[in-house]
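A short worksheet on the structure shown next.
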Amino acid sequence: MPYDCDVLVIGAGIVGLSAAYALTRAAPGTRVTVLEKERAPALHQTGRNSGVIHSGIYYRPGSLKARYAVRGAAEMIKFCAEHGIAHEVTGKLIVATERAELPRLHALVQRGRENGIPVRELGAAQIAEYEPNVRGLAAIHVATTGVCDFGAVAGQLAQSLGASGAEIRYGAEVAVVDRRPWGVAVRTADGAVVRARVLVNCAGLHCDRVARLAGDDPGMRIVPFRGEYFDLARPELVRGLVYPVPDPAFPFLGVHLTRGMDGGVHVGPNAVPALAREGYAWSAVRPRELAGTLAWPGSWRIARRHWRYGAGELHRSLSKRAFTDAVRRLLPDVTEADLRPAPAGVRAQAVLRDGTLVDDFLIQESPRTIHVLNAPSPAATASLPIGRQVARRALGVLGAAV
Ligand SMILES: Cc1cc2nc3c(=O)[nH]c(=O)nc-3n(C[C@H](O)[C@H](O)[C@H](O)COP(=O)(O)OP(=O)(O)OC[C@H]3O[C@@H](n4cnc5c(N)ncnc54)[C@H](O)[C@@H]3O)c2cc1C
């Protein structure tokens, strides 16, 4: 069989590129091709996020998220330093503004310690040492959190891949996957065929669709949740990163204030249902994709279970005043006029049939195929370890197949 490559990766976001990068490093000589439907890397989740190198404080000890975020944060900082990519270890504050949040803040301290992350507990008065304009009842300071531009990281990974002989084809949308005993053939929307021994699916917002194209039932669906952002017109109000205490029922962290590498302060993201997988505004509607989301029983179960939370998020999406009020809990000086709309992002959140929001990273194997089925935040932080794990599995499949 004339293979075009050994491993074919679908998706040039940070996860697909990290997997390809790890393959070329772990097994030089392995022929790797990446197919990306867009004209450049990182145009979806990887290029539309908060740019925060997460410390790993939030995640259940022992989970992939906890292990890979802690390791990944250190590796990401090293990668940025080695390649001259702007980054900074700023530290961050997690601030409780209501009494009911205090036990959850305390639980985060414990969790941080279990995950080996240094945290400092602060009383109300000590918050001003870090953020003079932020108000709260108590806070914790996490020193190892940082910021970088994950789009630039993806660009560097793509460049390193090119230098090591891997091929990245842009404008190549995978439309058909044909898995046979001898390997996998994919056809792109423009009719090109690529044959590989092993397929790696890192298609982000489309990963469940690609899994089904390959003939697998992934047992989950991607339900897209948009996160809307504003830029703060008076960035001097915030020095670093300020987060609320998250609701543990959701994998979202709540609207936060993030001083990015561009010097601006970004406010967001909220979490509202997107009406298309790449639905970056309410006006972006794809009826077929929306029908697919609505046909999934898990979507209705989330709506029934979490309607109160969802209604609050919707209200804050449709009313800038309500959004500003939410921000004011952390930063009382902020006004509606201080918030200028900024580009949104959409999270690829895997949801099970029973409405469970999949919390941990999810990587599944089937014959000659590895599917990355849940890689939401902090997967950009954790991308280098995730990439190595995917590469290890792909090489295992390749070894068995040769
Ligand atoms: C609002 C928001 C804020 C976030 N904040 C943070 C943060 O601060 N820190 C952090 O660590 N993480 C954060 N994340 C999460 C992080 O951005 C993602 O976990 C990460 O970017 C996922 O990368 P990916 O490669 O899996 O997906 P993507 O970047 O979405 O890449 C998938 C790629 O696959 C391509 N593709 C899809 N289908 C096909 C097909 N059929 N054929 C060819 N190509 C295809 C797409 O075009 C895309 O380029 C955030 C995410 C969002 C949305």
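Whatever order the structure lists ligands and atoms in, that order sets their numbers, starting from 1.
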* Does the N or O separation between Thr46 and ligand 1 drop below 3.5 Å for any pair? -> yes
* To do: Give a yes/no verdict on a cation-pi contact between Arg239 and Tyr130, requiring under 6.0 Å between NZ or CZ and the six-membered ring centre and an angle within 45° of the axis.
  => no
* To do: Give the single entry among Ala375, Gly204, Ala69 that approaches atom 18 (C) of ligand 1 most closely by any heavy atom.
  => Ala375
* Answer yes or no for Pro376: is there a heavy-atom contact with ligand 1 below 4.0 Å? => yes
* Asked: At a non-hydrogen distance cut-off of under 4.0 Å, which region of His54 contacts ligand 1 (side chain, backbone, both, or neither)?
  -> side chain
* Any Leu43 heavy atom less than 4.0 Å to ligand 1 -> no
* Asked: Is any N or O atom of Val174, backbone or side chain, closer than 3.5 Å to an N or O atom of ligand 1?
  -> yes
* To do: Report the part of Lys37 (side chain from C-beta onward, or backbone N, CA, C, O) that has a heavy atom under 4.0 Å from ligand 1; answer both or neither where that applies.
  => both
* To do: Using heavy-atom distances, let me know which of Arg347, His206, His256 sits nearest atom 38 (N) of ligand 1.
  => His206
* Out of Val265, Asn49, Thr145, Val147, which residue meets the side-chain contact (heavy atoms from CB on, under 4.5 Å) rule with Thr258? -> Val147
* Is there side-chain contact between Thr188 and Leu35, with heavy atoms separated by less than 4.5 Å? -> yes
* Short list, please: which atoms of ligand 1 are under 4.0 Å from a heavy atom of Gly11? -> 33 (C), 34 (O), 35 (C)
* Are a donor atom and an acceptor atom from the side chains of Gln110 and Arg113 found within less than 3.5 Å of each other? -> no
* Could you tell me whether Gln45 and ligand 1 have an N or O pair separated by under 3.5 Å? => yes
* Proximal atoms of ligand 1 relative to Leu35 (non-hydrogen, under 4.0 Å) -> 43 (C), 44 (N)
* What are the atoms of ligand 1, with element, lying closer than 4.0 Å to any heavy atom of Glu38? -> 47 (O)
* To do: Report yes if some N/O of Arg48 lies less than 3.5 Å from some N/O of ligand 1; otherwise report no.
  => no
* Asked: Can you find an N/O atom of Val15 closer than 3.5 Å to an N/O atom of ligand 1?
  -> yes
* Using distance alone, determine whether Asn49 and ligand 1 share an N or O pair under 3.5 Å. => yes
* To do: Tell me, please, whether Trp296 has Arg301 positioned over its six-membered ring: NZ or CZ under 6.0 Å from the ring centre and within 45 degrees of its axis?
  => no
* **Distance-only N or O hit between ligand 1 and Tyr229, under 3.5 Å** => no
* **Closest to atom 10 (C) of ligand 1 among Gly387, Ala175, Ala380 (heavy-atom distance)** => Ala380
* Regarding Lys65 and the six-membered ring of Tyr58, is the cationic atom NZ or CZ under 6.0 Å from the ring centre and inside 45° of its axis? -> no
* **Ser383 and ligand 1 - part of the residue with a heavy-atom distance under 4.0 Å** => neither
* Do Arg111 and Tyr59 meet the cation-pi criteria used here (NZ or CZ under 6.0 Å from the six-membered ring centre, within 45° of the axis)? -> no
* To do: For atom 6 (C) of ligand 1, state which one of Ser377, Cys148, Ala379 supplies the nearest heavy atom.
  => Ser377
* State if Ala348 counts as touching ligand 1 under the rule of any non-hydrogen atom under 4.0 Å. => no
* Region of Cys202 that comes within reach of ligand 1 [heavy atoms, distance under 4.0 Å] -> backbone
* Structure fact -> Exactly one candidate in Arg31, Arg195, Arg368 meets salt bridge (Lys or Arg N to Asp or Glu O under 4.0 Å) with Asp6; the answer is Arg31
* Asked: When you measure from atom 7 (C) of ligand 1 to each heavy atom in Ile14, Val52, Asn201, which option holds the nearest one?
  -> Val52
* Non-hydrogen atoms of Phe225 versus ligand 1: any pair closer than 4.0 Å? -> no
* To do: Provide the number and element of each atom of ligand 1 under 4.0 Å from a heavy atom of Ala172.
  => 42 (N), 43 (C)
